[in-house]
Number of protein chains: 4
Amino acid sequence: MRAMGGEERGDRRRTQILDAAARVFAERGYHRTTVRDIAREAGIADGTIYLYFSSKQELLLGLIAQLGRFAERRADFAEAGAMDLRDFSRSYLALRFEQVRETRHLFTAVLPEILADAELREGFSERVTEAYEAADAELARRARRGELGDLDPQLLTRVAAATGLGLLVLAILEEPVLAERWDELPEFLTRLWFDGLPRERG
Amino acid sequence: MRAMGGEERGDRRRTQILDAAARVFAERGYHRTTVRDIAREAGIADGTIYLYFSSKQELLLGLIAQLGRFAERRADFAEAGAMDLRDFSRSYLALRFEQVRETRHLFTAVLPEILADAELREGFSERVTEAYEAADAELARRARRGELGDLDPQLLTRVAAATGLGLLVLAILEEPVLAERWDELPEFLTRLWFDGLPRERG
Amino acid sequence: MRAMGGEERGDRRRTQILDAAARVFAERGYHRTTVRDIAREAGIADGTIYLYFSSKQELLLGLIAQLGRFAERRADFAEAGAMDLRDFSRSYLALRFEQVRETRHLFTAVLPEILADAELREGFSERVTEAYEAADAELARRARRGELGDLDPQLLTRVAAATGLGLLVLAILEEPVLAERWDELPEFLTRLWFDGLPRERG
Amino acid sequence: MRAMGGEERGDRRRTQILDAAARVFAERGYHRTTVRDIAREAGIADGTIYLYFSSKQELLLGLIAQLGRFAERRADFAEAGAMDLRDFSRSYLALRFEQVRETRHLFTAVLPEILADAELREGFSERVTEAYEAADAELARRARRGELGDLDPQLLTRVAAATGLGLLVLAILEEPVLAERWDELPEFLTRLWFDGLPRERG
DNA sequence: CATGAATGAGATTTCATTCAT
DNA sequence: AATGAATGAAATCTCATTCAT
């Protein structure tokens, strides 16, 4: 321990504080949470937080940054170029849903605040848009090869993202069926999207 | 004006205040909005708000109630029993997406706050669960008649709801493509869900 | 009724309002009572009060004035000059204690507020001092004739006044023994003051 | 200073705040005094008060508690059992009047508020009643031994208490003669009560 | 005269942030 | 580095008072 560099120890404190913040934000929301609540949860004094973060707002931004870093751990679409779309979908979704399960409380802490404030919404939108661009390009490529039928690639990107986002929201709401059957979703979505509901008989 | 009944005038004031509240909550979020902000937006004095709402919190609950009343204006699943599922889907989605467009700012004002607070989350979950029950029953019935293929009806309900909810979240984020092409979504979703993506060739 | 002069009707309203004010002030105190409370108690609208009193403070002063007018209905000390002091004491006390019983709630409403505020205290002190002057003069006259033994007439005035005031305070506090036996006090006090407690035996 | 225990420093702050509160309450009354007034008087910031008292009301209750603790420093009636009643009276009154002189401003701050509010009145009455019980018992014992002549012991307790209370009220009103001659009162009262005014001559 | 909806000044209280220890 | 007492800006809410009807 004593051998740990000062910087590393500082990082550990930052993480300890951010984790505590995520827990209490998730429970009561950013605004209803006091800096003292966070300090208590982290087991440190109020003032100590300000040695690592310049303001309460900075804590929120720190959590948003964590979420961003997390989002970047994505399967690379480019690498997926060669894969069968259906297989890619299933494995990509499996990865994502696994990640979301681990970090649900981080989303719970952060997403409401992002949605609540016009400025944060804008910042978040930009990042999401960047993420779309890669997906849009890849799907456009596949569309040109006829892999999407006549479904519009841009809408498909948004609808797929929306479905994931909506499931995340329901998870935040602790919807009991989804809580129980979360792992079935990658397979279920893949079947829904690729096979569709049965056409009208006859 | 003079002829207006006292009760009616009171109702009008309530609505005027709730509308103002929705606008400013949507812009800055519930907590960053002061009661004074709301009064300014409504063009009245601070104290007047308290003649119609006993607290700021009560304003939020008033908006949630509006949302609830709005949500109840739903196409009745029972009546839809005889319809072709694909046709029902398209017309139901069209109705819903139209409704959401009208009340997007109400959702923007209220949803983040619901997601932020564990207690509100619980209350909201209960109402959503009630709504599921009707849909679950109807889809189970259709499943027994083979109309859903081998897709699980409970998951289907959640995934469809999640897709709508996720699109709403993207709308709150003012995603530009969706803002532009919102009206295409009922048709797009119906095609996606019923026809699916093309199966792998060969 | 219709024949009643406008002024007289106005006086009646004033009295109605003052009575209502006395009742609610006595219960919750001047500051905890709202103008609306008074209006409700009087069975009129808030604004109507301001047709008869220019402010809430003016209501309090109105009640203090009532108390003052009441205090002036005093047995005239000059007229009592010829009476036996013991007889005067008994009959004077009987009158006073009877008056106090009738107007206890007026005292309850007003006295705390007088004691609470340095300015009102001063005004009240001046009036009490004026009342003392007559009593002081009369007692000094009797002292010169040896009727008080060697008891200082100024202190005697204060102690007698204090005893009455203290009993009033206990009545405000609803002391149960005094509530029950209030009428015995004039006789009791006269016996105590004129006969005294028994001297040490032996 | 540096050596002072945290608890002791906290107690000192509490006392500092209560003292300041007593001073300003005595001057302007509880309700006309703002928390800011108290903070200014104590030489601290508004918010600091709330580190030691959870509300303004709690400050008042704190002062009432101080008064209660003060009232308990009473000469024990039981121990006085053997004393000559006249001697006991004089020394007991001397103690009490000395105490009251020291804490007049505390009474000034608190008594009006107790009298103003029905709920506080009730609480105060109960404590006063408890105090009476000891005195009642002791006087009843002496009455059985004929020490009170035919004076009713219960009324005597109330009248004696009322006299003290009334003198306190006059002191709150800053009656000038009493302010000047306060120390003569124990002796004066003892002479009045035990020797009485002279009987009618002849 | 009477009403009661509207006003807005002012009070209490909270809590992010600072800084002496 | 860590503490936590102190700060004071800012928010919610109350209520005496006004005035159009």
Side-chain angles (χ1 to χ4, degrees), chain A residues 6 9-10 13 30-40 42-59, chain B residues 1-4 6 9-10 12-13 17 31-40 42-59, chain C residues 6 9-10 13 30-40 42-59, chain D residues 1-4 6 9-10 13 31-40 42-59:
Chain A
R9 199 171 58 195
R13 261 283 147 95
Y30 173 75
H31 280 102
R32 281 190 244 273
T33 299
T34 69
V35 171
R36 168 158 304 182
D37 289 337
I38 302 165
R40 289 266 166 77
I44 58 176
D46 307 14
T48 306
I49 288 178
Y50 288 85
L51 299 176
Y52 297 90
F53 297 90
S54 62
S55 69
K56 188 187 174 191
Q57 161 91 353
E58 211 61 37
L59 277 168
Chain B
M1 278 289 188
R2 218 169 312 154
M4 203 192 301
R9 198 173 56 197
R12 198 167 287 210
R13 261 286 142 91
I17 293 168
H31 280 101
R32 281 188 245 275
T33 299
T34 70
V35 171
R36 169 157 304 180
D37 290 336
I38 301 165
R40 289 264 166 77
I44 59 177
D46 306 14
T48 304
I49 288 177
Y50 289 87
L51 298 177
Y52 297 90
F53 296 90
S54 61
S55 67
K56 188 189 173 191
Q57 160 91 351
E58 210 62 36
L59 274 169
Chain C
R9 199 172 56 194
R13 259 286 147 91
Y30 173 76
H31 279 101
R32 281 189 244 275
T33 299
T34 69
V35 171
R36 167 158 304 180
D37 289 337
I38 302 165
R40 289 265 165 77
I44 58 177
D46 307 13
T48 306
I49 288 178
Y50 286 86
L51 298 175
Y52 298 90
F53 296 90
S54 62
S55 69
K56 188 187 173 192
Q57 160 91 350
E58 211 61 37
L59 277 168
Chain D
M1 277 288 186
R2 218 170 309 153
M4 203 193 301
R9 198 174 57 198
R13 260 285 145 91
H31 280 101
R32 281 189 245 274
T33 299
T34 69
V35 172
R36 170 157 305 183
D37 289 337
I38 302 165
R40 290 264 166 76
I44 58 176
D46 306 15
T48 305
I49 288 177
Y50 288 88
L51 298 178
Y52 296 90
F53 296 91
S54 61
S55 68
K56 188 188 173 192
Q57 160 91 351
E58 211 61 36
L59 274 169

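Chain identifiers are assigned alphabetically (A, B, ...) following the order of the sequence lines, protein sequences preceding nucleic acid strands; residue numbering begins at 1 within each chain. Only a predicted model underlies this, so the values are computations on that prediction, with no experimental measurement involved. In what follows, every heavy atom counts, from backbone to side chain, and hydrogens, waters and symmetry copies are set aside.
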Legend entry - Intra- and inter-strand pairs of DNA chain E in dot-bracket (Watson-Crick or G-U wobble, both distances under 3.5 Å; | for another strand): .||||||||||||||||||||

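Tyr30(C) is listed as a side-chain neighbour of Lys56(C), based on a closest heavy-atom distance under 4.5 Å.
Looking at residues two or more places apart in sequence or on another chain, you find a side-chain contact (heavy atoms from CB on, under 4.5 Å) between Arg13(C) and Gln16(C), Ile44(C), Thr48(C), Tyr52(C). Every side-chain contact (heavy atoms from CB on, under 4.5 Å) that Phe53(D) has, sequence neighbours left out, goes to Arg14(D), Ile17(D), Leu18(D), Glu58(D), Leu59(D). Residues satisfying the side-chain contact (heavy atoms from CB on, under 4.5 Å) criterion with Arg36(A), sequence neighbours excluded, are Thr34(A), Arg40(A), Asp46(A).
Distance, Ile44(C) CD1 to dT3(E) C1': 10 Å, rounded to whole Å. Here dA16(E) presents its C1' atom at 18 Å from CZ of Arg32(A), a figure rounded to the nearest Å. Rounded to a whole Å, the CG atom of Asp37(D) is 12 Å from the C1' atom of dG10(E). To the nearest angstrom, P of dA11(F) lies 16 Å from CG of Leu59(B). Look at CD1 on Ile49(D): it is 13 Å from P on dG8(F), rounded to the nearest Å. Distance CZ (Phe53(D)) to P (dT14(E)): 15 Å, rounded to an integer number of Å.
Set against dA2(F), dA6(F), dA5(E), the side chain of Leu51(B) has dA5(E) as its closest nucleotide.
As judged by a 4.0 angstrom heavy-atom cut-off over every strand, Tyr52(D) is placed among residues touching the sugar-phosphate backbone only.
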Check: protein-nucleotides 12-14 of chain F nitrogen or oxygen pairs below 3.5 Å:
from    : atom 1 : to       : atom 2 : distance (Å)
dT12(F) : OP1    : Lys56(B) : NZ     : 3.1
dT12(F) : OP2    : Val35(B) : N      : 3.1
dC13(F) : OP2    : Tyr50(B) : OH     : 2.8
dC13(F) : OP2    : Lys56(B) : N      : 3.0

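Regarding contacts with the backbone of dA6(E), a side-chain N or O of Arg13(B) is found under 4.0 angstrom from either OP1 or OP2.
The residue among Ala45(B) and Thr48(A) whose nearest nucleotide of DNA chain E lies closer to the 5′ end is Ala45(B).
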